Every structure is written in C-alpha cells, then in structure tokens.
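So that the names make sense, note that chain A is the first sequence line, chain B the second, and so on, each numbered from 1. All heavy atoms count here, side chains included; hydrogens, waters and symmetry mates do not. All values derive from a computational prediction rather than experimental measurement.
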Amino acid sequence: MTFQPIDYAFFQQPTLSLAPALLGKLLVKETEFGTASGWIVETEAYIGPEDRAAHGYGNRRTKRTEVMFGPPGYAYTYVMHTHCLMNVVSGEIGHPEAVLIRALEPCSGFDLMYQRRGKVKKELELTNGPGKLTKSLGIVKEDYGRGMFEYPLFIADGKEVGSIAVGPRIGINNSREAVHYPWRFWVEGNPFVSK
DNA sequence: CGCAGGATCCGCT
DNA sequence: GCGGATCCTGCGA
C-alpha cells in the first residue's frame, strides 16, 4: 500500500486550526522493514511562549526546542521517560508552536505494529497513546527535524471525520492556568482516543 | 558535574 | 489507582 504526502501548504495555518485539521489525516512511516500508518484521532496544541505547558514557554530556545522556531511541517520528536513522542511543528517562523499526536486508529502495517509492540494482543492497544503510536509506527528521536510532507515520515490525506470534541490537555498538571486551556482535539466516539 | 523533573506506560493491588 | 521503570534535558554550582 502506498500513500501520497500531503501538500506543504496544509501546514501553513494557525496552530489551533491545524490541530483539529489533522484529525482524520494519515500518519505514515516507512522503514526498511515496511510501512505502517494510522488515522490521527487525537491531537493537542502547544503554543509557546505564553503556554506554560509548552516546551517553548518563555521562548525557551535550546537544541531540543530549536525545530519549533523554524517553519511549520517538520517533526519535533523527543524522549519522555522510555518513550518517544511525536509533534508536528506549526505556526509562523520564530514562534515555538507544535501539535502533539496523541492517538491513531491503525490503518496499515498491522503485522509490523504487533511485532514492534511485543506483548500487545489487542488492536486497541496498538496506538491509543502518544508513546504507543510512535513505537507501533517505528518513529524514533532520530526523526527529529524531518519534513512531514515527504518520505519516509509524512502526513497523507485520510478520511472525513464526524464531530470533533474539544477539551483540556492531558498530563500537564504542573502547568498552572494552562491546565484548563481547551487545546485537545479528538474524534468524538472513536475508541482509539487515549483519554 | 550532579540532580531534579517530566506532553508516558505497564503491572500489580 | 498507584508507583516504578528509566532516560535524557536543562539548569545551577
């Protein structure tokens, strides 16, 4: 199964517009072992420098956050504990903004995903969390800085989604007022949403 | 150079 | 529900 990367212009929209627009799109990763992909069903927006939960809060510019200060459409990967998390850089050049991919509905490459996830037996457990989906697709920190409009890691057109739900983000309990920002978006009723 | 703190996951209670 | 695993990163001394 082959997929076509989306046009670069797709990434040129405000972060709070791009985050819900990514729902229903396909996230695809090709490796020497094969291709795996899934429909995006849950995203979160992180908008520095005002957002306490964002890594770019206060315009913190380091080797890790550097890619977020560049043009949109590039991958911002980083390691959390023992897991790799995947973001799409968004917003204007000079603004540290990104969209975290929190959950997918598996589309292709099931054998590869089960193999990479080891003990997992249920399809539901393959990609229903930000650390799980990167492991299933084989996304690693070395993908940092890749363009998401070209092979081997890219966004492709997917399918229409029904209604989109909005709410506060997850796992950012130390972020004071930012805890309540309604910057999490998900496909209503989709079982793969991490919750 | 040391250490504290995570945008998480999994297994056990 | 809770805590441990485990690994950088970022910052202060």
Could you list the cluster mates of Phe69(A)? Members are the ILVMFWY residues connected by side-chain heavy atoms closer than 4.5 Å, either directly or through other members. none
Measure from [atom1] on [X] to [atom2] on [N] and round the result to the nearest Å.
| X | N | atom1 | atom2 | value |
| --- | --- | --- | --- | --- |
| Leu133(A) | dC9(B) | CG | P | 8 Å |
| Tyr57(A) | dG6(B) | OH | P | 14 Å |
| Leu126(A) | dC9(B) | CG | P | 13 Å |
| Ile170(A) | dG6(B) | CD1 | P | 17 Å |
| Glu125(A) | dT8(B) | CD | P | 16 Å |
| Arg52(A) | dG6(B) | CZ | C1' | 16 Å |
| Tyr78(A) | dG6(B) | OH | C1' | 7 Å |
| Asn173(A) | dG6(B) | CG | C1' | 11 Å |

So Ile172(A), base contact, sugar-phosphate only, or nothing? Heavy-atom distance under 4.0 Å. sugar-phosphate
Which part of the nucleic acid, if any, lies within reach of Arg169(A) when heavy atoms closer than 4.0 Å are counted: base, sugar-phosphate only, or nothing? nothing
Side-chain donor-acceptor contact under 3.5 Å, Arg60(A) with Thr65(A): no
Can you establish whether the number of heavy atoms outside [X] located under 6.0 Å from its atom [atom1] is more than 12?
| X | atom1 | answer |
| --- | --- | --- |
| Tyr8(A) | OH | yes |
| Asn59(A) | CG | yes |
| Glu66(A) | CD | yes |
| Glu50(A) | CD | no |

Is any side-chain nitrogen or oxygen of [X] closer than 4.0 Å to OP1 or OP2 of [N]?
| X | N | answer |
| --- | --- | --- |
| Asn174(A) | dG5(B) | no |
| Lys132(A) | dC10(B) | yes |
| Lys135(A) | dT8(B) | no |
| Arg117(A) | dC10(B) | yes |

Is the charged tip of Arg52(A) near the ring of Tyr181(A): under 6.0 Å from the six-membered ring centre and within 45° of its axis? no
What does the list of N/O pairs under 3.5 Å between the protein and nucleotides 11-13 of chain C look like, with a distance for each?
none

Runs of at least three consecutive Watson-Crick or G-U pairs, both distances under 3.5 Å, are what I'm after; which ones involve DNA chain C? B:1-6 with C:7-12, B:8-12 with C:1-5
Ring pair (Phe, Tyr, Trp, His ring centres under 6.0 Å) against Phe3(A), all qualifying residues, sequence neighbours excluded: none
Quick check on contacts: within residues 181-195 of chain A, what sits under 4.0 Å from DNA chain B by heavy-atom distance? none
Which residues in residues 79-95 of chain A have at least one heavy atom lying under 4.0 Å from any atom of DNA chain C? His81(A), Thr82(A)
Per Arg64(A) side chain, nearest of listed nucleotides dG11(B), dT9(C), dA7(B): dT9(C)
Apply ring-ring contact (aromatic ring centres under 6.0 Å, His included) to Tyr76(A) and Tyr74(A), showing your working. CA-CA 7 Å; Tyr76(A) 168 41; Tyr74(A) 290 82; over 10 Å; no
